[in-house]
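Quick note on labels: first sequence line is chain A, next is B, and so on, each numbered from 1.
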Amino acid sequence: MPELPEVEITLKGIKPFIKEQKINKLIVRQGSLRWPVTDGIESIVEGQTVIAVSRRAKYLIMQLDRGSMLVHLGMSGSLRVVSAEAEWRKHDHIELQLVNGACLRYHDPRRFGSWLWSLGEHQQLAHLGPEPLSTDFDGTLLWRKAKARKMSVKPFIMDNKIVVGVGNIYAAEALFRSGIRPDRPAGKISKQRYELLGSHIKDVLAAAIEQGGTTLRDFVNSSGEPGYFQQTLAVYGRGGKGCITCAGILKDIRLGQRSSVFCPQCQR
DNA sequence: CTTTCAGCCTGACGGC
DNA sequence: TGCCGTCAGGCTGAAA
């Protein structure tokens with residue numbers, strides 16, 4: 001499922017094909033996504049040029065001459081560069097055709113993603129926390145924001161107002177690498193341990209980007225290939241199996257309605 | 001203010 | 001074999 005690394009992989013893959021290219025046509029076959037695709041978006045974007053493509057949190061932003069398209073891959077979405085004649089597959093919902101002949105297909109079985117248009121700033125981007133891979137983010141910031149918070153540390157680091165882009169997979173992995181139990185109250189963790197957690201969040205996200213992202217079921221990059229980081233996962237999806245460090249049995253608990261796997265021996 | 005939780009959606013999987 | 005219930009997950013907005 002696309003988290004920050006998978007969105008970054010997608011960005012890198014699509015950018016060369018669409019940057020500075022003029023839009024020939026946008027086709028919306030299924031506009032019923034997480035939010036309805038902006039009404040009339042097809043005629044709005046036709047003839048405009050893609051000035052820049054970027055990522056903020058798990059959103060992709062395509063900046064046009066006037067206004068921008070905001071794309072979210074939800075949980076099962078992917079964007080692929082295909083040829084103009086490529087067959088439409090089941091769950092291909094949107095196609096962006098460029099004048100240079102490239103086509104971008106948006107595929108999303110669960111339809112939790114979105115594809116929105118706005119002339120100004122998108123509401124979705126208004127109240128986001130810092131980017132985890134930027135210098136704006138570190139363990140000290142986590143420690144400062146965690147003061148007096150009773151929430152468990154795992155849902156805390158997954159809160160977009162604290163830091164963006166840390167989803168269930170990478171939260172679990174970063175906590176394991178840091179030796180911190182996911183259910184420890186956020187406000188009761190030392191500054192020193194937060195420094196460790198902050199750097200492990202950066203490391204695990206950077207490593208996942210290098211491996212092409214994590215593919216559990218749906219994710220493929222813009223060429224249709226899976227990522228390889230799942231081979232590196234120490235705890236996510238391994239509840240009941242042996243810890244890679246101490247061989248103890250990994251525990252699977254629910255925090256904030258999310259499955260949270262950890263090692264009771266290695267994580268305190 | 002903080003925290004919790006329903007709802008959106010499809011496909012995979014287990015039990016019967 | 002097929003039907004049904006459950007789960008997975010990001011994000012929002014309402015409720016507590």
Rounded to whole Å, please give me the gap between [atom1] in [X] and [atom2] in [N].
X        : N      : atom1 : atom2 : result
A:Gln124 : C:dG13 : CD    : C1'   : 13 Å
A:Glu6   : C:dA8  : CD    : P     : 18 Å
A:Lys161 : C:dT12 : NZ    : P     : 8 Å
A:Ile162 : B:dT2  : CD1   : C1'   : 11 Å
A:Gln123 : C:dG13 : CD    : P     : 9 Å
A:Lys58  : C:dT12 : NZ    : P     : 11 Å
A:Ile253 : C:dA8  : CD1   : P     : 13 Å
A:Ile157 : B:dT3  : CD1   : P     : 15 Å

Choosing from [options], which nucleotide comes nearest the side chain of [X]?
X        : options               : answer
A:Pro109 : B:dG11, B:dC9, C:dC11 : B:dG11
A:Gln257 : B:dC5, C:dT12, B:dT3  : B:dC5
A:Tyr59  : C:dT12, C:dA8, B:dC9  : C:dT12
A:Arg149 : C:dA8, C:dT12, B:dT2  : B:dT2
A:Arg110 : B:dT3, C:dG10, B:dT10 : B:dT10
A:Lys150 : B:dT3, C:dC11, B:dG11 : B:dT3

Exercise. Mind telling me whether A:His93 and A:Tyr106 have parallel, tilted or perpendicular rings, with 30° and 60° as the class edges?
Key: tilted
Quiz item: Reckon A:Asn168 has a side-chain N or O less than 4.0 Å from the OP1 or OP2 of C:dG10?
Solution: no
Quiz item: So, is A:His72 close to the C:dC11 phosphate, meaning a side-chain N or O under 4.0 Å from OP1 or OP2?
Solution: yes
Practice problem: Using heavy atoms to find the nearest nucleotide of DNA chain B for A:Arg34 and A:Arg111 separately, return the residue whose nucleotide is more 5′. | Solution: A:Arg34
Practice problem: By nearest nucleotide on DNA chain B, pick out whichever of A:Leu33 and A:His91 is the more 5' one. | Solution: A:Leu33
Need one value for [X]: base, sugar-phosphate or nothing, where a base atom within 4.0 Å counts as base even if backbone is also close, heavy atoms only.
X        : result
A:Asp108 : nothing
A:Ser114 : nothing
A:Lys90  : sugar-phosphate

Practice problem: State whether A:Asp92 and A:Arg89 are salt-bridged, where the test is any N-O pair (Lys NZ or Arg NE/NH1/NH2 against Asp/Glu carboxylate O) under 4.0 Å. | Solution: yes
Quiz item: Would you call A:Lys58 and A:Glu6 a salt bridge, using N to O less than 4.0 angstrom?
Solution: no
Exercise. Report, as yes or no, whether the 6.0 Å neighbourhood of atom NZ on A:Lys145 holds more than 12 heavy atoms from other residues, nucleotides or ligands.
Key: yes
Quiz item: Between the side chains of A:Ser76 and A:Asp108, does any donor sit under 3.5 Å from an acceptor?
Solution: yes
Quiz prompt | Stepwise salt bridge (Lys or Arg N to Asp or Glu O under 4.0 Å) check, A:Arg55 with A:Glu131 | solution = CA-CA 10 Å; A:Arg55 177 190 62 73; A:Glu131 284 289 328; 2.9 Å; yes
